Engineer: 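Take a look at this one; I'll ask things after.
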Amino acid sequence: MPEIGKLLETGDPWEPYRLLDPFGRPVEPVAVYFKDLMAGPYSELTPRSYGMDLLRWWRFLWALGIEWDRATSEDARDFMLWMKLGDKPVRVHWRHRGKDPSEIPPPRADRPAPGTPNPVTGKPTVGTKYAPSVRAHCETVLRTFYDWHVGNNSGALLINPFPLERARHRGRRPNNQSQSRSGERSNAHHNPMQQFKNERKGRYRPRVPKRIPRRIPEDKYTEVFAGLRSHRDRALLAFWVSNGARAEELLSPKQSDANVGQQTIGVIRKGTRDYQELPANVDAFVWLRLYQEEAWKKGVPRGRNEPLWWTLRRPWRPLEYDAARMMFNRANDLLGANWTLHDLRHTATFMMLDDPDMPPVYVQHILGHKHLATLDIYNRPGKDDVIKAGLAFHARQEEKRKTPPPAVPAPAYNPESLNVLFGGRPS
């Protein structure tokens, strides 16, 4: 797939992201759709997430010379099939862009092959194919994009090329008449007297396996913590693992939001954009104070309305998510692990739920979940716990086999007389 066109970050709050064609011109159907998104209850990161999927689809259309409003369901089928079978494009690191391929160093030999489990964490590494979650997100974005344009009579669109599947669970393909109504949502004509059916939304939407949250073992967390280079990184890690905030949420506070006396830190929630104070342990605030004293001496801006987290070198800039992620990846490399910042959120959740005095409804509020049922995924045993319990079971069975069975007295003797003779308990 030729890497033509790009998604441009404009810095304009009215149009934070813009999709450009190979000649640098805005793609008008996407620009109109992004404007409608920004008018709705979405953050500025939504056009970025949607824009990456739309850019991938537009590159497919540009490569085949197909107009966006002339695409058919067969084109959508071929695109989703390419995402399933084709390899992801290999992105060249910015340090090696423009260099001859022979000058680029080969990947490290000590790293596991793509897609294989990591020997330290057991998590699979990033593979060469698109993950089912990526393909499912892309299908949903493109289907909703075309639904919006069909509803607004844009271009020459008659039907959505990414239709809903309305008959697969009955073993037959939809005909042209039902396909013309494929823009309807699932269970659109649901009978309230019957239960909802477990129907798939999109015809080309893959099945996404349920993710099992993973916690970082205490000994491994100590090793990762020891591999950090600065008080700032130690403070960040301590906050992430103590209050369960999302990675980007913890980067949102101002310096006045860290309330040491109340032992709370205020963050901006990712979805609702609401302000919420979260509790944290004492160690996190100790590391925070050490970082602040060190940073202020170097000239980092100081003030109640200044950002709480800054870069470690001049020119001083507020710390962003990508820089925090690379910081954590450097500590991971020391162990050969592939944990993510989101695993710290899972670790904090497991620690809170393991405490019998911590009501789950409070954990739900701290995590910012809308429904209490979201915590059900943490009731599943992890891989390490299952293996540990299984090995303990086999050890008990082996101990039983080694222990000789107790001697059984001959049936001719009276058990009560034996108990009196040998000091046993009377029956």
Side-chain angles (χ1 to χ4, degrees), residues 43 45 213 215-216 218 221-222 224-225 228 230-297 300-312 316-321 323-325 327-328 339-372 374-375 378:
S43 71
L45 297 179
R215 68 190 304 172
I216 303 178
E218 186 175 354
Y221 170 78
T222 303
V224 173
F225 193 86
L228 300 177
S230 66
H231 294 325
R232 181 205 67 182
D233 301 343
R234 299 183 186 100
L236 280 169
L237 207 65
F239 274 112
W240 274 320
V241 84
S242 65
N243 60 18
R246 297 179 180 87
E248 60 270 22
E249 291 176 348
L250 191 59
L251 302 179
S252 63
K254 305 295 183 182
Q255 295 183 16
S256 60
D257 295 328
N259 193 332
V260 182
Q262 299 294 328
Q263 205 172 320
T264 60
I265 184 170
V267 301
I268 303 297
R269 283 302 185 182
K270 177 182 176 182
T272 61
R273 312 307 297 172
D274 292 337
Y275 179 83
Q276 182 178 350
E277 291 183 338
L278 301 178
N281 59 24
V282 178
D283 291 342
F285 288 97
V286 172
W287 289 113
L288 174 63
R289 190 61 181 179
L290 292 174
Y291 155 65
Q292 287 182 320
E293 292 293 338
E294 183 182 58
W296 289 337
K297 290 180 181 179
V300 169
R302 180 175 183 175
R304 293 180 54 84
N305 294 325
E306 295 290 345
L308 182 61
W309 310 104
W310 294 83
T311 56
L312 298 177
W316 307 119
R317 298 184 304 274
L319 186 67
E320 296 181 352
Y321 171 79
R325 177 180 54 83
M327 170 272 294
F328 188 69
W339 284 300
T340 63
L341 291 177
H342 203 71
D343 290 332
L344 297 173
R345 175 176 168 88
H346 292 322
T347 303
T349 306
F350 277 112
M351 293 172 59
M352 289 186 283
L353 291 177
D354 288 345
D355 187 352
D357 296 329
M358 185 68 172
V361 66
Y362 293 163
V363 180
Q364 171 201 353
H365 183 72
I366 292 175
L367 297 178
H369 288 165
K370 185 177 181 180
H371 302 289
L372 184 61
T374 311
L375 299 179
Y378 297 97

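Hydrogens, waters and symmetry mates play no part in the numbers below; they use all other heavy atoms, side chains included. The shown structure was predicted, so the numbers you read here are calculated from the model rather than taken from an experiment.
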Engineer: So which heavy atom on Pro301 is nearest to which on Trp296, and how close?
Structural biologist: O-NE1, 4.1 Å

Engineer: So how far is it from Met327 CE to Thr311 OG1, rounded to the nearest 0.5 Å?
Structural biologist: 13.0 Å

Engineer: Can you tell me if CD on Gln263 sees more than 12 non-hydrogen neighbours from other groups inside 6.0 Å?
Structural biologist: yes

Engineer: What pair of heavy atoms forms the shortest contact from Pro279 to Asn243, and how long is it?
Structural biologist: O-CB, 2.9 Å

Engineer: Specify the closest pair of heavy atoms between Ala284 and Ala235, including all atoms of both residues, with the distance to one decimal.
Structural biologist: O-CB, 4.2 Å

Engineer: So, using salt bridge (Lys or Arg N to Asp or Glu O under 4.0 Å) as the criterion, who are the partners of Glu218 when residues are at least two apart?
Structural biologist: none

Engineer: With sequence neighbours left out, write down each residue that passes side chain to side chain donor-acceptor pair (under 3.5 Å) with Ser230, or none if nothing qualifies.
Structural biologist: Asp233

Engineer: Report the residue from Trp309, Tyr291, Trp287 that forms a ring-ring contact (aromatic ring centres under 6.0 Å, His included) with His231.
Structural biologist: Trp287

Engineer: Not counting sequence neighbours, list each pair that qualifies as a salt bridge (charged side-chain N to carboxylate O under 4.0 Å, His left out) and has a residue in residues 239-268.
Structural biologist: Arg246-Glu249, Glu248-Lys270, Glu249-Arg269

Engineer: With sequence neighbours left out, what residues match His369 under side chain to side chain donor-acceptor pair (under 3.5 Å)?
Structural biologist: Arg345

Engineer: With sequence neighbours excluded, what pairs up with Arg215 under the salt bridge (Lys or Arg N to Asp or Glu O under 4.0 Å) test?
Structural biologist: Asp354

Engineer: Could you give all pairs that pass the salt bridge (charged side-chain N to carboxylate O under 4.0 Å, His left out) test and reach residues 273-292, with sequence neighbours left out?
Structural biologist: Arg289-Glu293

Engineer: More than 12 heavy atoms of other residues, nucleotides or ligands under 6.0 Å from CG of Asp355: is that the case?
Structural biologist: yes

Engineer: Heavy atoms only: give me the nearest Ile268-Ser252 pair and the separation to one decimal.
Structural biologist: N-OG, 3.0 Å

Engineer: For the residue pair Phe328 and Val224, what are the closest heavy atoms and their distance?
Structural biologist: CE1-CG1, 3.8 Å

